[in-house]
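The chains referred to below are lettered A, B, ... by the order of the sequence lines, with proteins before strands, and numbering in each begins at 1.
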2 protein chains.
Amino acid sequence: MISKALVAASTKPIILSILLNGENYGYKIIQRVKKISGGILEWSDGMLYPVLHRLQKDEFISSQWKISEEGRYRKYYRLTDLGKKELEAEKKQWMSVHEALAKLWKPSPAFD
Amino acid sequence: MISKALVAASTKPIILSILLNGENYGYKIIQRVKKISGGILEWSDGMLYPVLHRLQKDEFISSQWKISEEGRYRKYYRLTDLGKKELEAEKKQWMSVHEALAKLWKPSPAFD
DNA sequence: CTTGCATACATAATGGCATTAGGTATATAA
DNA sequence: TTATATACCTAATGCCATTATGTATGCAAG
């Protein structure tokens, strides 16, 4: 189980990253996250949809209802230009924190 | 600026990691975090102290008031055995999420 | 000698956001 | 026809960083 805080920190970059590969819809995103994480991240739909709505409100993603070939209605999300920039910012943030942790986790961490 | 969510996700592992190098006190931890992160992480004391209290309540760290050589009272925190285990668990969690993100950030990410 | 800054700890109020639990609807396989 | 997978939505709850505020000491500048 991944802690609540870590889930909170990773949902946004993960969703934006997935949408960078092309439009996608909620239900599929959940499956994709599960697969990519090797089953470690199992998002609930009740968790995902509010995040998608917030990302759209912030104009990082846009949505469009479509009927798939199977004849099912789906809400497809697409990354906006603003969303691409936001993803880059998120990536930088994540990496800088990760590097700080990596330093601390080295066999002989630097003392101040 | 690091997002609130990412700060929330990293405070606990960072504090536990710092205390793995020996006992330390609040004010010093803030400086250490700033230095290690290259100035990217600037914790406020109002943020740190409640975290320390919570970690102590959860028995991941213990505290002891001491008078330093300079004659100042300081509350020194030390990692408990439970805290060491918790740190290992936090480390694993972080790394698994990081690896999921790394996959998504590869030049040609795997499609599902 | 007092004024300001760094050191050092603490807590109350606020707001953001994952979690949980509920709800609706369709397609398909048993 | 009944269960399961698909596909979306939202309200209530609780955790926790943030912000603001308070207390106290040591030291250097003027």
- Query: B/M1: which other cluster members, linking ILVMFWY side chains closer than 4.5 Å, directly or transitively?
  - Reply: none
- Message: Below 4.0 Å from chain B heavy atoms, what is the first contacting nucleotide of DNA chain D and what is the last?
- Response: D/dC16 to D/dG26
- Query: So what does A/K75 touch, heavy atoms closer than 4.0 Å: a base, only the sugar-phosphate, or nothing?
  - Reply: sugar-phosphate
- Task: Nearest whole angstrom, please: distance from the P of C/dA10 to the CG of B/L48.
- Result: 10 Å
- Could you pull out all residues at least two apart from A/K75 that satisfy side chain to side chain donor-acceptor pair (under 3.5 Å)? none
- Sequence-distant partners of B/K84, side chain to side chain donor-acceptor pair (under 3.5 Å), two or more places apart: none
- Task: Please report, rounded to the nearest Å, how far the P atom of C/dT7 is from the CD1 atom of B/I29.
- Result: 15 Å
- Query: In whole angstroms, how far is the C1' atom of C/dG16 from the CG atom of B/L6?
  - Reply: 15 Å
- Test item: B/W105 and A/W94 side chains (from C-beta on) under 4.5 Å apart, heavy atoms: yes
- Comparing B/K4 with A/Y76, nearest DNA chain D nucleotide closer to 5' gives the residue A/Y76
- Task: Determine, stepwise, if the pair B/Y76 / B/R74 fulfils side-chain hydrogen bond (donor to acceptor under 3.5 Å, both in side chains).
- Result: CA-CA 6 Å; B/Y76 284 86; B/R74 286 180 190 143; 3.2 Å; yes
- Spacing between B/I30 atom CD1 and C/dA8 atom C1', to the nearest angstrom: 9 Å
- Query: Should the heavy atoms of other residues, nucleotides or ligands under 6.0 Å from CD of A/E59 be counted, would the total exceed 12?
  - Reply: no
- Message: Quick check on side-chain contact (heavy atoms from CB on, under 4.5 Å): which of A/I15, A/I14, A/T11 does A/V33 satisfy it with?
- Response: A/I14
- Query: Does B/R74 put a side-chain nitrogen or oxygen below 4.0 Å from OP1 or OP2 of C/dT7?
  - Reply: no
- Item | Along DNA chain C (nearest heavy atom to each residue), the more 5'-positioned of B/Q31 and A/S3 | B/Q31
- Query: A/I14 has an atom CD1; how far is it from atom P of C/dC17, in whole Å?
  - Reply: 16 Å
- Query: Nearest-Å distance, CZ (B/R54) to P (C/dT11)?
  - Reply: 13 Å
- Check side chain to side chain donor-acceptor pair (under 3.5 Å) between B/Y49 and all other residues, then give those that pass, not counting sequence neighbours. none
- Query: What's the NE2-P distance between B/H53 and C/dA12, to the nearest Å?
  - Reply: 12 Å
- Query: Quick one: do A/K91 and A/E88 make a salt bridge, cutoff under 4.0 Å?
  - Reply: yes
- Task: Tell me what A/W43 touches on the nucleic acid: a base, only sugar-phosphate, or nothing, going by heavy atoms under 4.0 Å.
- Result: nothing
- Nucleotide by nucleotide, nucleotides 20-30 of chain C touches protein heavy atoms under 4.0 Å in the pattern (B base, S sugar-phosphate only, - none) BB----BS---
